[in-house]
Student: 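Provided herewith is a single structure, encoded as structure tokens, for subsequent inquiry.
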6 protein chains.
Amino acid sequence: MRPNERALEQPREIRFTRKYTCHAEGSVLVEFGNTKVLCTASVEESVPRFLKGSGQGWVTAEYSMLPRATHTRGNREAARGKQGGRTLEIQRLIARALRAAVDLKALNDYSITLDCDVIQADGGTRTAAISGACVALADAFNWMVAEGKLKQSPLKFMIAAVSVGIVGDDAVCDLEYVEDSAAETDMNVVMTEDGKLIEVQGTAEGEPFSFDELHQLLDLAKGGIDTIIAAQKQALED
Amino acid sequence: MRPNERALEQPREIRFTRKYTCHAEGSVLVEFGNTKVLCTASVEESVPRFLKGSGQGWVTAEYSMLPRATHTRGNREAARGKQGGRTLEIQRLIARALRAAVDLKALNDYSITLDCDVIQADGGTRTAAISGACVALADAFNWMVAEGKLKQSPLKFMIAAVSVGIVGDDAVCDLEYVEDSAAETDMNVVMTEDGKLIEVQGTAEGEPFSFDELHQLLDLAKGGIDTIIAAQKQALED
Amino acid sequence: MRPNERALEQPREIRFTRKYTCHAEGSVLVEFGNTKVLCTASVEESVPRFLKGSGQGWVTAEYSMLPRATHTRGNREAARGKQGGRTLEIQRLIARALRAAVDLKALNDYSITLDCDVIQADGGTRTAAISGACVALADAFNWMVAEGKLKQSPLKFMIAAVSVGIVGDDAVCDLEYVEDSAAETDMNVVMTEDGKLIEVQGTAEGEPFSFDELHQLLDLAKGGIDTIIAAQKQALED
Amino acid sequence: MRPNERALEQPREIRFTRKYTCHAEGSVLVEFGNTKVLCTASVEESVPRFLKGSGQGWVTAEYSMLPRATHTRGNREAARGKQGGRTLEIQRLIARALRAAVDLKALNDYSITLDCDVIQADGGTRTAAISGACVALADAFNWMVAEGKLKQSPLKFMIAAVSVGIVGDDAVCDLEYVEDSAAETDMNVVMTEDGKLIEVQGTAEGEPFSFDELHQLLDLAKGGIDTIIAAQKQALED
Amino acid sequence: MRPNERALEQPREIRFTRKYTCHAEGSVLVEFGNTKVLCTASVEESVPRFLKGSGQGWVTAEYSMLPRATHTRGNREAARGKQGGRTLEIQRLIARALRAAVDLKALNDYSITLDCDVIQADGGTRTAAISGACVALADAFNWMVAEGKLKQSPLKFMIAAVSVGIVGDDAVCDLEYVEDSAAETDMNVVMTEDGKLIEVQGTAEGEPFSFDELHQLLDLAKGGIDTIIAAQKQALED
Amino acid sequence: MRPNERALEQPREIRFTRKYTCHAEGSVLVEFGNTKVLCTASVEESVPRFLKGSGQGWVTAEYSMLPRATHTRGNREAARGKQGGRTLEIQRLIARALRAAVDLKALNDYSITLDCDVIQADGGTRTAAISGACVALADAFNWMVAEGKLKQSPLKFMIAAVSVGIVGDDAVCDLEYVEDSAAETDMNVVMTEDGKLIEVQGTAEGEPFSFDELHQLLDLAKGGIDTIIAAQKQALED
């Protein structure tokens with residue numbers, strides 16, 4: 001039995017709270033159960049050096065955990081003087097996933113920075129961050145349209161992400177921390193609202209896994225992502 | 001007239017939300033109007049090297065602003081690779097102020113880290129942080145007593161902090177951002193619940209100020225801190 | 001037509017040169033066509049702090065590109081003062097993949113560091129590095145057995161890695177640089193000698209990809225990895 | 001009784017040696033008893049980026065202790081790779097205090113850097129540094145006028161600083177090291193030559209202090225600063 | 001007797017392999033016996049800031065050891081976050097020596113970076129690096145002439161370097177590691193093809209040395225360098 | 001004619017002021033004309049890790065220039081976050097030279113740190129630093145003997161250093177800044193009081209130099225060093 005009597009294919013309770021803070025052009029608190037990530041989208045009227053003069057815009061991301069988002073306090077990366085490998089890996093993933101959802105050519109000379117700060121962690125922080133950042137990005141684009149900075153939103157489609165994994169003998173969707181730390185195989189999947197893949201990252205934490213298991217996990221992920229995208233759309237309508 | 005029709009001596013609406021996150025031994029969201037700071041107190045069973053074998057405990061603090069807590073996005077210090085001078089100055093102040101409220105000898109071989117992360121900034125983040133951290137610290141000490149780690153709480157008294165300043169011709173209490181950036185003189189005051197001073201930091205941003213103005217500001221601070229301490233005590237009783 | 005008239009499913013010429021340098025316990029130059037990576041395995045009689053006293057061993061990895069391994073000179077990370085996100089991501093992948101191939105419990109209190117330094121780059125450096133590091137690791141374990149440090153090699157199975165991707169309308173195996181930079185989808189796959197998955201990392205560089213395309217790419221990867229593992233085994237017999 | 005039989009309100013012997021080194025536009029060795037700080041003012045014909053085009057000048061400061069300025073050798077910050085929080089806090093204070101004494105608008109597009117390097121420390125290094133830097137700054141401005149770079153000196157008034165504190169039951173002025181480390185309350189005060197306040201920083205090191213004690217300390221500070229400013233003026237006339 | 005029955009004045013087997021890698025404008029693997037260094041010369045159409053507008057070109061160098069180039073694994077400087085003093089000292093020497101061989105005025109607005117990466121170390125890595133870098137530089141200049149970027153090569157003369165030292169009672173040429181670590185005096189000499197000195201760095205590792213010993217070592221160095229320069233010229237003709 | 005009508009072989013006025021600061025076990029201000037370096041020797045009762053348990057002592061050095069020791073202000077290395085290559089090279093030289101003068105075995109488990117801080121620079125700061133550090137070291141050893149920490153001073157002989165160079169057509173001794181920046185060849189020589197060599201570092205800044213020129217420079221250096229050592233001994237007797 002999973003914690004909280006969840007079914008194997010059932011994601012945790014998903015919630016998106018828009019305008020969570022007041023300064024950012026998009027600001028969303030995303031909750032996947034007890035995992036809570038504040039995702040803000042900040043619009044800047046400039047592009048990185050390698051895009052100067054190209055007429056193209058850019059989307060980037062930064063990720064961090066508050067030191068006590070976790071069971072035991074982690075070091076503050078600003079105090080240590082560098083971001084760890086895990087942090088860099090996750091923020092590269094977030095940025096890459098969101099860029100795949102945006103028509104960068106239409107984002108004429110603007111940059112969007114997505115800041116994903118984990119307030120409370122219980123597994124799946126990177127998938128929650130991607131899912132929340134997409135809502136914050138949609139809000140920021142809508143703001144840009146309303147402000148007359150863009151004619152229409154350059155968001156091509158909504159995207160969302162979920163973790164899936166094999167825990168014991170079961171393939172399960174949206175692992176929380178106790179499941180994650182016991183998983184044999186752990187996979188993060190990012191998909192579009194029409195069921196196409198943006199990113200698949202599967203890792204054998206214990207035993208190697210078979211092609212069959214991979215397919216099973218992907219199917220689970222598709223179901224979870226459909227649920228999350230429905231919640232995103234509901235939130236954007238409110 | 002002040003923003004929101006506040007009286008000169010009136011602090012903003014003060015709110016302390018305890019147990020804001022679930023992992024820390026003390027976790028408080030403090031709000032001074034639109035300024036929101038998450039203060040967590042983390043208990044560790046060890047002390048810094050310079051206290052090893054002394055039998056004394058320690059209290060330290062770290063402070064950070066989320067990049068988009070402010071009107072325009074600030075650099076993430078973890079990405080820049082170092083904490084700025086302002087950050088270090090503030091976290092040294094928070095730690096020093098809270099240590100003054102604790103009987104460190106009675107905190108036998110434990111360390112408490114107070115993490116103050118600014119979720120949303122509108123002036124007075126350091127004074128909100130000190131005031132919120134004191135509540136989080138009280139909760140952490142109560143947890144330690146309940147867990148049998150300490151016989152009684154080593155908190156000697158509650159402390160709180162407020163900013164005061166001269167804006168135009170007026171001495172005002174608890175400046176918000178628009179006031180702060182226009183202030184001639186800016187002062188942060190930390191006091192105990194029985195009206196004694198822990199820290200006074202006054203700076204002439206524009207013209208130098210007189211002894212009389214200093215006294216006037218201190219009186220304003222005392223009034224504001226009384227209000228904040230009442231709110232802390234109310235929160236701790238809930 | 002692919003460069004050098006390669007068939008879609010055909011990896012480049014794969015070569016493993018053992019004992020490429022004289023000091024390391026395992027030292028292999030791996031070549032995937034023009035991509036050349038020097039992989040050394042260094043044995044140390046200690047473990048990281050978090051494993052002290054556990055009786056378990058450890059395998060870690062570091063990856064770097066010589067500044068002029070590429071068409072235009074890249075910055076030297078040692079001179080910049082930090083390793084980039086791409087480097088950290090790759091060396092975390094190499095280490096994770098190799099650890100999955102080792103019985104760490106049987107590697108009693110020893111650590112192995114796999115250094116993968118790219119001498120010349122033409123796409124697929126991370127997959128070449130994983131494939132070469134596995135041969136270097138096998139050599140290092142054999143040396144440890146010969147020296148009486150271990151009773152038997154803790155290598156559970158050989159592993160290898162290959163990149164696959166969609167270039168234009170074709171799914172192709174083992175992309176070289178010109179293909180890689182034109183790919184719509186890019187996937188790195190790590191597998192065991194008996195066809196199980198260790199790691200799958202697929203990314204939509206251009207358009208999102210379908211489940212069908214994913215399956216097609218995985219099949220290509222399996223074929224390529226079989227070829228690489230055959231070359232590894234041949235090299236280990238020489 | 002205080003060390004060296006000083007009266008409670010009596011600062012140590014104050015000495016300003018101008019032109020202590022030959023290259024800087026202003027170069028002053030300031031001595032507060034055994035505390036010796038070399039203060040140089042360097043003129044540069046440029047301003048920080050945030051002032052470009054504003055027509056305004058800038059004053060900044062850097063502070064450092066030679067490793068063996070103190071009883072036991074301290075780490076060299078350049079070797080550690082970062083400036084500590086205390087250093088940053090002090091140099092921010094020095095710069096802020098001196099900027100308050102300068103008409104930055106009249107310092108048309110020039111920057112002055114005040115380097116305060118502690119040669120020998122015996123308490124009160126920051127207050128000595130501020131007092132010495134003001135003389136170096138006056139010299140640098142006079143040089144600029146003589147060179148025709150400015151029509152007249154933009155120094156609005158002389159400033160000086162002193163530490164005051166409560167040691168045992170006594171409020172004392174200009175604490176040396178043995179007093180400083182025993183003080184219950186420690187306060188640094190920066191004032192103008194006409195008795196107005198630039199900065200007040202008071203800290204309860206032991207017990208919290210009362211408003212009355214604060215007033216007593218401020219009066220002591222005023223007396224000390226009058227003495228220091230007299231010494232500055234005497235030095236500038238020599 | 002020396003290792004491998006070498007005569008006292010006899011350098012190790014010297015080999016220069018040109019075009020060792022395919023991307024760099026000059027790419028040479030230099031071998032002094034078991035010491036192997038990959039030297040690449042990279043041409044860039046820009047100069048450092050301090051030469052902007054001067055019409056002069058520049059030559060710089062970077063040096064590194066692969067972590068397992070040595071008997072026991074050394075730390076990777078990129079991972080440690082800074083280059084060590086030895087590394088900086090060596091790369092400054094390499095750059096200075098090569099600049100002495102180049103007519104920088106004739107290298108109109110181009111910069112050359114010489115990357116010297118030690119693949120395998122057995123003493124004398126810096127002298128091998130200088131000797132190999134000179135060949136790589138000659139190749140890069142020839143490439144620039146062939147490409148029409150320069151009218152003629154700005155290389156004024158070939159240079160080479162060798163280490164000499166006093167081991168036991170003998171002055172010997174081109175020390176390998178076991179000799180180097182036993183040497184009383186250690187000297188690195190850089191000379192031109194016509195026997196003039198570019199750099200002399202002699203150090204008493206044990207006892208101080210006499211003027212006579214210095215002269216004896218310089219004579220040995222001259223012989224060794226003649227041999228190396230002959231090998232360079234042979235390689236450049238092949 | 002040289003500046004100040006110095007003869008070619010004549011060093012500048014050399015002065016050693018002992019007990020320049022009060023806390024260090026040895027504290028010497030050395031002046032070579034306008035070059036002024038504060039050299040302190042600090043005794044610590046511990047050794048670096050690699051010497052733990054060896055019974056041997058250690059001598060190390062750190063070097064720095066105050067930012068405005070020079071004509072134009074240099075960056076403060078502590079603020080930049082790292083020591084430059086020149087600094088590291090010089091402090092390695094100082095430490096190596098002084099270690100050659102000490103019987104480390106007799107310095108039982110003590111470490112001496114020599115801090116050389118350049119107060120004012122006019123050429124030859126590294127040779128002044130070595131010469132001054134030797135006097136500070138002698139003082140520190142004498143203090144250790146007086147305190148009963150050592151039976152006798154482990155200083156084997158006095159050492160001193162001087163720069164020599166070819167300026168125009170002349171070989172000159174102890175170059176000041178204007179000479180140094182015009183020199184064709186620049187050489188730093190460290191010798192013992194009985195005329196043996198500790199370190200020779202000669203560099204062709206312009207044209208390569210001949211063996212004859214090298215010999216001429218070494219003879220000049222010997223004369224200069226004799227003068228400096230006489231001054232050291234005089235100072236130690238005062």
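Chain letters run A, B, ... following the sequence lines, proteins first, then strands; residues in each count from 1. Hydrogens, waters and symmetry mates are skipped; everything else that's a heavy atom, side chains included, is used.
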Student: Just to be sure I understand the criterion: a residue of residues 219-231 of chain B counts if one of its heavy atoms is under 4.5 Å from a heavy atom of chain D. Which ones qualify?
Tutor: B:D219, B:K222
Student: Taking every heavy-atom pair that is under 4.5 Å apart, which of B:L218, B:V190, B:T192 has the most such pairs with chain D?
Tutor: B:L218
Student: Which atom pairs, one a donor and one an acceptor, fall under 3.5 Å between side chains of residues 97-106 of chain B and the rest of the protein, sequence neighbours left out?
Tutor:
{"unit_1": "B:R99", "atom_1": "NH1", "unit_2": "B:V59", "atom_2": "O", "d": "2.7"}
{"unit_1": "B:D103", "atom_1": "OD1", "unit_2": "B:K105", "atom_2": "N", "d": "3.2"}
{"unit_1": "B:D103", "atom_1": "OD1", "unit_2": "B:A106", "atom_2": "N", "d": "3.4"}

Student: Which bit of D:L93 comes within less than 4.5 Å of chain B, counting heavy atoms only: side chain, backbone, both or neither?
Tutor: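 Contact with chain B involves no heavy atom of D:L93 at all.
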Student: Give every residue pair that meets the side-chain hydrogen bond (donor to acceptor under 3.5 Å, both in side chains) criterion with at least one member in residues 160-169 of chain B, sequence neighbours excluded.
Tutor: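 Pairs touching residues 160-169 of chain B that pass the test: none.
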Student: Which one, B:L197, B:T87, B:T185, leads in non-hydrogen pairs under 4.5 Å with chain D?
Tutor: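 Option with the greatest count: B:L197.
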Student: More than 12 heavy atoms of other residues, nucleotides or ligands under 6.0 Å from CZ of D:F211: yes or no?
Tutor: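 For D:F211, atom CZ is crowded (more than 12 foreign heavy atoms under 6.0 Å).
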Student: Would you list the pairs meeting salt bridge (Lys or Arg N to Asp or Glu O under 4.0 Å) in which at least one residue belongs to residues 73-84 of chain D, sequence neighbours left out?
Tutor: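 Qualifying pairs: D:R73-F:E62, D:R73-F:D115, D:R76-F:E62, D:R76-F:D115, D:R76-F:D117.
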Student: Using a cut-off of under 4.5 Å on heavy-atom pairs, state which of B:R86, B:M191, B:E89, B:Q201 scores highest against chain D.
Tutor: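 It is B:E89.
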Student: Name the member of B:G206, B:A204, B:P208, B:S210 that forms the most heavy-atom pairs with chain D at distances under 4.5 Å.
Tutor: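 That would be B:P208.
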Student: Find the distance between CG (B:L214) and CG (D:L214) and round it off to the nearest 0.5 Å.
Tutor: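 Here the interatomic distance stands at 6.0 Å.
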Student: Between D:M187 and chain B, with a heavy-atom cut-off of 4.5 Å, which part of the residue counts as in contact: side chain, backbone, both or neither?
Tutor: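 No part of D:M187 comes within 4.5 Å of chain B.
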Student: Name the member of D:N188, D:V200, D:L88 that forms the most heavy-atom pairs with chain B at distances under 4.5 Å.
Tutor: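 The answer is D:V200.
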Student: Counting only non-hydrogen atoms closer than 4.5 Å, does D:F157 touch chain B with its backbone (N, CA, C, O), its side chain (CB onward), both, or neither?
Tutor: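 The side chain, not the backbone.
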Student: Count the heavy-atom pairs under 4.5 Å between each of D:Q91, D:H215, D:R96 and chain B, then report the option with the highest count.
Tutor: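 Max contact count across the listed options: D:H215.
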Student: Pair B:K196, D:E207 - check side-chain contact (heavy atoms from CB on, under 4.5 Å), show working.
Tutor: CA-CA 9 Å; B:K196 291 212 150 187; D:E207 288 304 298; over 6 Å; no
